[in-house]
Amino acid sequence: MAEYALAVRARRAVTPDGVRPVTVGVRDGRITALAGLEQALDAAVTEELPDTEVLLPGLVDTHVHVNEPGRADWEGFATATRAAAAGGVTTLIDMPLNSLPPTTTAAALRLKQAAAAPAAWVDAGFWGGAVPGNLADLAGLHDAGVFGFKAFLIDSGVPEFGWLDAARLDAVLAETARLGALLIVHAEDPGVVGAAPGPSGRRYAGFLASRPPAAEEAAIAHLLAAAGRHGARVHILHLASAGALPLIATARAGGARVSVETCPHYLTFCAEDVPDGATEFKCCPPIRESEHRDGLWAGLADGLIDVVVSDHSPCPPALKQRETGDFGAAWGGISSLQLGLPAVWTQARARGHGLPDVVRWMAAGPAALAGLPGKGALAPGCDADLVAFDDGASFKVDPARLRHRHPVTPYAGQTLTGVVRRTWLRGREPGETPSGELLRRP
Ligand SMILES: [Zn+2]
């Protein structure tokens, strides 16, 4: 019998030590050898990547709304995980809201796991939710293996997932600190948003004004102060305002345990270019002006922003209100699970970043955030989650080729650089049946 089930030879591979030629040896779904290209491994199957392709570790997307069970007409495990695999994402962590029930109790987590188990084409784990009234459920969810807890500091957009006022946030932080759990937070301040003009109508500028940068900055300041009182570890979701970065830098310099993410759409688009009525661009917090986009790139460059994840948050097309184009009435959420890698690579490359940066932001970083030591790196001992990426090829986004349940996307018609040619999950390319595993916090 061959020593390895699979060997993948690549002239360029992004490893923790940089880009180099490798032969990856895979046994029992794990990378067990990372040899030079000159070394021939005794493998049952040997794959040789063409020179146009670079081998990457499978991406880890810690911010995905799958919405099943309960709102499977919005998205679902089968469609979301197929889209993920097609986009080079081999691990996703599902958000606790927009499914029914939301993942706020251990019983609800079991329903999620039951929905995901037969349908997951990539590995999938789960965040729990921290909402008013479920403080006593957090320990049980933690024991059941959620990767941490998500909370909102403002209306979440769905009635069954409430938000935390100051007193409740304090109580939740005391509990997550006690459990040693991570709290991930949608940080916009309801007072600031409440005082801003409402978002109704087709004008993007009107929507933008309804959720100003000050809302993010106030909520982040409030969160950092509260987390500091408890010594709690927190993560700021989907940062859109570059104005909050100095706050975060100061908190970190003072020893705060805080990490930060942003998303492909904040790094790609800017408010100046969003047409009125184009509700496929609506998300919360909103896509802001180009100075924020530049500031977020600077935050990535200097390490203040740790990860880039999709915040894939689809809905049925009717809820996007494309006929009226009313930003007040439309659902806020952008679908990009399948497009995150080329979207980010397109911009990163133009701004002088390399693939090791993209791998740090979209694979190693999210794996570290969730606490998944076996994911996100081409290294011995890690799962053999591999992506063959043609980093020089470009394509025009055709919504019909997306495997998301609904093809609505602001990327439609955009030319992106980078094509995912092949994906292996634990050493296997997708077969006839889903082979993703459900993940629990180790
Ligand atoms: Zn989200």
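Worth saying up front: this structure is predicted, and the values here are computed from it rather than measured. Counting convention: from 1, in listed order, for ligands and their atoms alike.
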Donor-acceptor pairs are to be reported for all side-chain atoms of residues 130-138 against protein atoms at under 3.5 Å, with residues two or more places apart or in another chain.
residue	atom	partner	partner atom	Å
Asn134	OD1	Val131	N	2.9
Asn134	ND2	Thr104	O	2.9
Asn134	ND2	Gly129	O	2.8

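At a cut-off of 2.8 Å, measuring from the Zn ion (ligand 1), the protein N, O or S atoms that fall short of it are His63 NE2, His65 NE2, Asp311 OD1, waters left aside.
Note on ring orientation: taking the six-membered ring where Trp is involved, the planes of His404 and His312 are tilted (angle from 30° to 60°).
Between Arg422 and Val420 the shortest side-chain heavy-atom distance does not fall below 4.5 Å.
Ring centroids of Trp297 and His353 are separated by less than 6.0 Å, placing the two rings close together.
Comment: Asp294 engages Arg351 in a salt bridge, judged by a side-chain N to carboxylate O separation of less than 4.0 angstrom.
For the residue pair His65 / Glu75, no side-chain donor-acceptor distance below 3.5 Å is found, with atom types taken as modelled.
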